[in-house]
There are 2 protein chains.
Amino acid sequence: MELQEAQDKFIQAWGTLGSHWGINRTMAQVHALLLISENPLSAEEIMGTLKISRGNANMNIRALIDWGLVFKELKPGERKEFFVAEKEMWEVIRKIIIQRKKKELEPIIRVLNDISEVNEDDKEAEEFRKVIKDIRLFAQKADSTLEGLVKSDQNWFVGTFLNMIK
Amino acid sequence: MELQEAQDKFIQAWGTLGSHWGINRTMAQVHALLLISENPLSAEEIMGTLKISRGNANMNIRALIDWGLVFKELKPGERKEFFVAEKEMWEVIRKIIIQRKKKELEPIIRVLNDISEVNEDDKEAEEFRKVIKDIRLFAQKADSTLEGLVKSDQNWFVGTFLNMIK
DNA sequence: TTCAACTTTCAAAAGGTTTTGAAAGTTCGG
DNA sequence: CCGAACTTTCAAAACCTTTTGAAAGTTGAA
């Protein structure tokens, strides 16, 4: 396969994956492009390669910087800003886990805690408490596991995963 | 807190969570409603409670059945169909993992395998192969781990998670 | 201070997804 | 068979998210 074709395929696939992961299509494509380019790219170059508007490029680059997946890089003597991606996959995964945990898991845990306070005592309320308690257990387990993952290093992670798959 | 209020909050929260998880808002709300109701509900009752149209209810109930998260239940002497949710949380999680793995992880692994075939040998191609190889490693590890999870039972899962969080 | 180079903003347009509801389809008891 | 009770379908409408691009804002060298 040609390098060019492979690169395009990767950018498309990463975009599709991203959109299933709370990262919008373009944001993921910008990330993919930076991941596979050996040099830092300017906004102009990103716009050109992905055929997106200036505003769109700017917005998504900013978002990637917020997530900690992309860094600004200034070249001496150049006015323009250049961008590089975090290339350590384990770091990429950690950064994504951090964001998703904050945006998804933490809010639902807050709601589950709130609504555990139902104190009627008929059969229906009983059933409700039972379901909520069960969900809460899983949510909290997931929360501590992810918290642990985020704080751990890659070797620990790979090790644990290898154990898990025997 | 009142049972009614708590139930509404749960349905809303589950809907929001679902939409981050490849399950559309209404589909997740139908699932939430069935999760917390002690009796099987008819399409009519679901439409009424969630204030959604007949078509919408039908579509999302079908989708939940496809995912294995909801079952049809026929009451003797009744023409209508009734629905119950899978209430075992561990099963719910397994079913979701199965669907998402199929729709997200497997396609990207296919692409990664394809594009590993780049055989140019300049610096740029080298960088490309390096990034792809690294991502592929993680993707495959995630795939086997999830495969293991799906095949395992709840105790194994809870045990492993407890180990992971020390 | 000025100006050109660059970045950011944001309202409007485009594009995508979900919902509606009426019509068509199915099923079963009589 | 028939008709009532129910389910499914699908085109159009509503809604939501993303993208555009022009204008406003910022920055730094001279």
Side-chain angles (χ1 to χ4, degrees), chain A residues 11-12 14-34 40-67 70-84 99-100 103-104, chain B residues 11-12 14-34 40-67 70-84 99-100 103-104:
Chain A
I11 291 172
Q12 293 315 317
W14 204 243
T16 304
L17 186 66
S19 63
H20 289 293
W21 269 82
I23 296 169
N24 91 36
R25 186 184 183 66
T26 308
M27 184 172 159
Q29 287 179 341
V30 172
H31 182 231
L33 174 61
L34 290 172
L41 301 179
S42 66
E44 210 82 24
E45 291 169 303
I46 294 170
M47 288 163 56
T49 311
L50 299 181
K51 301 200 172 68
I52 59 176
S53 72
R54 183 171 299 286
N56 197 9
N58 185 269
M59 241 181 107
N60 285 299
I61 293 168
R62 284 324 117 187
L64 284 164
I65 292 175
D66 282 350
W67 281 51
V70 162
F71 309 104
K72 208 177 277 198
E73 200 168 293
L74 297 171
K75 293 195 184 177
E78 291 253 32
R79 190 69 151 316
K80 241 182 297 213
E81 296 176 331
F82 289 80
F83 305 96
V84 263
Q99 296 289 332
R100 299 200 78 201
K103 284 209 230 132
E104 297 171 34
Chain B
I11 291 172
Q12 294 313 318
W14 203 242
T16 304
L17 186 65
S19 62
H20 290 291
W21 269 82
I23 297 170
N24 92 35
R25 186 184 182 65
T26 307
M27 184 172 159
Q29 287 180 340
V30 172
H31 183 229
L33 175 60
L34 289 172
L41 301 179
S42 66
E44 210 83 26
E45 290 169 304
I46 293 170
M47 288 163 57
T49 311
L50 300 181
K51 301 201 173 67
I52 59 177
S53 73
R54 183 172 300 286
N56 197 9
N58 186 269
M59 244 181 105
N60 286 298
I61 293 168
R62 283 327 116 187
L64 284 165
I65 292 175
D66 282 350
W67 281 51
V70 162
F71 309 105
K72 209 178 273 198
E73 199 170 294
L74 298 171
K75 293 194 184 179
E78 291 251 33
R79 193 69 129 6
K80 242 181 297 212
E81 296 175 332
F82 289 81
F83 305 96
V84 263
Q99 296 290 332
R100 299 200 78 200
K103 284 209 235 141
E104 296 170 36

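In what follows, every chain begins at residue 1, and chains take the letters A, B, ... in the order their sequences are listed. Worth saying up front: this structure is predicted, and the values here are computed from it rather than measured.
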Inset, instruction - Ignoring backbone atoms, test whether B:N58 places a side-chain nitrogen or oxygen under 4.0 Å from the OP1 or OP2 oxygen of D:dT8. - result: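 It does, given that an N or O in the side chain of B:N58 lies less than 4.0 Å from OP1 or OP2 of D:dT8.
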Inset, instruction - Search all heavy atoms of A:A28 against all heavy atoms of A:G15 and return the closest pair with its distance. - result: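 In terms of heavy atoms, the two residues are closest at CB-CA, 3.7 Å.
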Legend entry - Minimum heavy-atom distance B:R25-B:Q12, with the two atoms named: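 Nearest pair, atom of B:R25 first, then B:Q12: NH2-OE1, 3.5 Å.
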Could you check how far [atom1] of [X] sits from [atom2] of [N], rounded to whole Å?
{"X": "A:I61", "N": "C:dT9", "atom1": "CD1", "atom2": "C1'", "answer": "15 Å"}
{"X": "B:H20", "N": "D:dT17", "atom1": "NE2", "atom2": "P", "answer": "10 Å"}
{"X": "B:K80", "N": "D:dT8", "atom1": "NZ", "atom2": "P", "answer": "15 Å"}
{"X": "A:E81", "N": "D:dT26", "atom1": "CD", "atom2": "C1'", "answer": "11 Å"}

Inset, instruction - Kindly indicate whether the side chain of B:Q99, heavy atoms from C-beta on, has any atom under 4.5 Å from the side chain of B:E104. - result: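 Contact flag for B:Q99/B:E104 side chains = no.
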Legend entry - Sub-4.5 Å side-chain heavy-atom contact between B:W67 and B:M27: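 Yes. Closest side-chain heavy atoms under 4.5 Å.
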Only pairs under 3.5 Å count here: list side-chain donor-acceptor contacts from residues 72-81 of chain A, not counting sequence neighbours, and write none if there are none.
residue : atom : partner : partner atom : Å
A:K72   : NZ   : A:E81   : OE2          : 3.2

Inset, instruction - Please give the angle, rounded to 10 degrees, between the axes at the start and the end of the helix from C:dT1-D:dA30 to C:dG30-D:dC1, where five pairs define each axis. - result: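 The value is 10°.
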Inset, instruction - Strictly below 4.0 Å, heavy-atom distances to any atom of DNA chain D: list the hits from residues 40-50 of chain B, or just say none. - result: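 Contacts with DNA chain D under 4.0 Å: none.
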For residues 43-58 of chain A, please give each side-chain donor-acceptor pair under 3.5 Å, one per line with the distance, not counting sequence neighbours.
residue : atom : partner : partner atom : Å
A:E44   : OE2  : A:R54   : NH2          : 3.1
A:E45   : OE1  : A:S42   : N            : 2.7
A:E45   : OE1  : A:S42   : OG           : 3.2
A:T49   : OG1  : A:E45   : O            : 2.8
A:S53   : OG   : A:N56   : N            : 3.2
A:N56   : OD1  : A:N60   : ND2          : 2.8

Can you tell me how far the [atom1] atom of [X] sits from the [atom2] atom of [Y], to the nearest 0.5 Å?
{"X": "B:Q29", "Y": "B:N24", "atom1": "CD", "atom2": "CG", "result": "9.0 Å"}
{"X": "B:L34", "Y": "B:F83", "atom1": "CG", "atom2": "CZ", "result": "8.5 Å"}
{"X": "B:L64", "Y": "B:F71", "atom1": "CG", "atom2": "CZ", "result": "10.5 Å"}
{"X": "A:T26", "Y": "A:M59", "atom1": "OG1", "atom2": "CE", "result": "9.5 Å"}

Legend entry - Protein-to-nucleotide contact annotation, 5' to 3' order, nucleotides 18-30 of chain C [B base; S sugar-phosphate only; - none; under 4.0 Å, heavy atom]: SSBB-----BB--
Anything under 3.5 Å between a protein N or O and an N or O of nucleotides 11-16 of chain D, put it in a table, one pair a line.
none

